[in-house]
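Taking it in order: structure first as structure tokens, then the write-up.
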Amino acid sequence: MKRIITISRELGSGGRTIGKMVANRMGIPYYDRELIDEAAKVTGLSPKYVEGYEQRATNSFLYNLVMGSSYGYGILQSANKQTLPLTEQIYNAQRDVIQKYAESGSCVIVGRCADDILKNRDDVLRVFIYADVEKRLKHSIENYGMSKETAKEEIERSDRERARHYSAFADKKWGDRRNYDIMLNSGVLGFENCAKIICSTAGLDS
């Protein structure tokens with residue numbers, strides 16, 4: 001049975017780790033960094049550039065105007081020859097890659113609005129991983145080598161940017177339960193249990 005699992009997550013909640021555990025448990029591909037690399041090939045930008053700007057989008061007209069004119073507004077053109085802002089070019093490239101991966105077979109896809117991009121498919125399980133701030137701080141300090149203050153700043157920044165990105169491209173509120181099939185508190189359940197629940201819910205448990 002084919003099943004695509006999309007994982008949205010809060011920074012420090014262990015969403016990437018849980019996604020890898022699900023993919024390893026089921027023997028299916030895991031896509032995360034690959035989306036950056038593939039989008040870079042399509043747009044002609046460097047992977048580092050794509051990574052740096054892929055989530056810096058808002059629903060502000062002025063912001064996108066500045067991004068378009070100041071950061072390579074003329075790199076790509078749409079089918080009707082109208083030039084798109086850079087953030088939209090990157091989103092469109094990643095959207096196409098996500099759709100290609102979904103067509104190819106069962107897989108785990110992390111972040112980048114995949115849950116919304118694939119919302120009309122019947123074979124998608126949309127997951128959101130979250131945890132309380134203290135658990136997220138602890139995970140970030142232990143796994144990313146951050147100080148507590150830096151971890152706090154990064155968590156706040158990440159939440160803000162992911163919410164803006166999701167609002168800009170999915171036109172929905174990031175983290176809203178109505179956008180997902182299951183939401184798991186990794187701080188309470190633990191990573192292993194989250195992975196088991198996802199596999200079981202997806203009907204892929206071994």
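Treat the numbers as computed from the prediction; the structure is a model and nothing was measured.
Inter-residue side-chain proximity for M21 and N24 is flagged as unmet; no heavy-atom pair is nearer than 4.5 Å. Taking 4.5 Å as the limit, every side-chain heavy atom of R9 sits out of range of all side-chain heavy atoms of Y130. Residues L86 and L45 have side chains in contact (heavy-atom distance under 4.5 Å, counting atoms from C-beta outward). In this structure, the side chains of I4 and I109 come closer than 4.5 Å at one or more pairs of heavy atoms. D115 is listed as a side-chain neighbour of Y180, based on a closest heavy-atom distance under 4.5 Å. Side-chain atoms of E134 and K138, non-hydrogen and from C-beta on, never get closer than 4.5 Å to each other. Residues L125 and I198 meet the side-chain proximity criterion, which asks for heavy atoms closer than 4.5 Å.
A donor-acceptor pair is defined here as one N or O able to donate and one able to accept, closer than 3.5 Å; no such pair exists between the side chain of D176 and the backbone of N179. Looking at T150, its side chain never comes within 3.5 Å of a backbone N or O of M146 through a donor-acceptor pair. Between the T43 side chain and the A39 main chain, a donor and an acceptor come within less than 3.5 Å of each other. A donor-acceptor contact shorter than 3.5 Å is absent between the side chain of Q89 and the backbone of T87. No donor-acceptor pair closer than 3.5 Å links the side chain of R136 to the backbone N or O of S13. Between the side chain of R112 and the backbone N or O of L35 there is no donor-acceptor pair closer than 3.5 Å. Side-chain atoms of S186 never come within 3.5 Å of backbone atoms of A131 as a donor-acceptor pair (strictly under, hydrogens ignored). Between the side chain of K2 and the backbone N or O of A102, at least one donor-acceptor pair lies under 3.5 Å.
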Derivation of the side chain to side chain contact (heavy atoms under 4.5 Å, CB included) call for K119 and V124 | CA-CA 7 Å; K119 64 185 176 184; V124 175; over 6 Å; no
Walk me through it: do T6 and V127 pass the test side chain to side chain contact (heavy atoms under 4.5 Å, CB included)?
-> CA-CA 6 Å; T6 66; V127 180; 5.9 Å; no
Could you please spell out the steps behind the side chain to side chain contact (heavy atoms under 4.5 Å, CB included) verdict for W174 and D159?
-> CA-CA 9 Å; W174 179 68; D159 285 354; 3.6 Å; yes
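Evaluation of the ring pair (Phe, Tyr, Trp, His ring centres under 6.0 Å) test over residues 84-123, restricted to residues two or more places apart or in two chains, returns Y31-Y101, Y91-F169.
Under 4.0 Å is where a charged nitrogen must lie from a carboxylate oxygen, and between R33 and D37 at least one such pair does. One finds a salt bridge joining E38 and K41 here, because a Lys/Arg side-chain nitrogen approaches an Asp/Glu carboxylate oxygen to under 4.0 Å. Contact check on R126 versus D181 returns a salt bridge, with a Lys/Arg side-chain nitrogen under 4.0 Å from an Asp/Glu carboxylate oxygen.
Remark: E154 pairs with R157 by the salt bridge (Lys or Arg N to Asp or Glu O under 4.0 Å) rule, at least two apart or across chains. In terms of the ring pair (Phe, Tyr, Trp, His ring centres under 6.0 Å) criterion, Y30 has no residue partners (sequence neighbours excluded). Taking the salt bridge (Lys or Arg N to Asp or Glu O under 4.0 Å) definition, one finds that E192 meets it with R25, sequence neighbours left out. The salt bridge (Lys or Arg N to Asp or Glu O under 4.0 Å) test applied to K48 returns no partner, not counting sequence neighbours.
When the side chains of ILVMFWY residues are joined at heavy-atom separations under 4.5 Å, either directly or via intervening members, I28 and I197 end up in a single hydrophobic cluster. Each of V133 and I129 belongs to its own hydrophobic cluster when Ile, Leu, Val, Met, Phe, Trp and Tyr are linked at side-chain heavy-atom distances under 4.5 angstrom. Placement of L11 and V110 in two distinct hydrophobic clusters is found when ILVMFWY residues are connected by side-chain heavy-atom separations under 4.5 Å, directly or transitively.
The nearest pair of heavy atoms linking G12 to S140 is CA-OG, 3.8 Å. Scanning both residues, K172 and Y166, for their nearest heavy atoms gives O-CD2, 3.4 Å. Between A202 and I5, the closest heavy-atom pair is CB-CD1, 4.1 Å. Shown here for Q94 and V50, the closest heavy-atom pair between the two residues is NE2-CG1, 4.0 Å. Between I7 and G19 the shortest heavy-atom distance is CD1-CA, 3.4 Å.
For the atom pair CG of D123 and CD of E103, the computed distance is 8.0 Å after rounding to the nearest 0.5 Å. Expressed to the nearest 0.5 Å, how far NZ of K196 lies from CG of L189 amounts to 12.0 Å. Remark: H139 NE2 to I155 CD1 distance equals 9.5 Å, nearest 0.5 Å. Here the CD1 atom belonging to I18 is positioned 7.0 Å from the CG atom belonging to L184, to the nearest 0.5 angstrom.
Hydrophobic cluster membership for I141: none, as no Ile, Leu, Val, Met, Phe, Trp or Tyr side chain comes under 4.5 Å of it.
The number of heavy atoms from other shown groups lying within 6.0 Å of NZ (K152) does not exceed 12.
For the residue pair S158/R162, the side-chain donor-acceptor check at 3.5 Å is satisfied.
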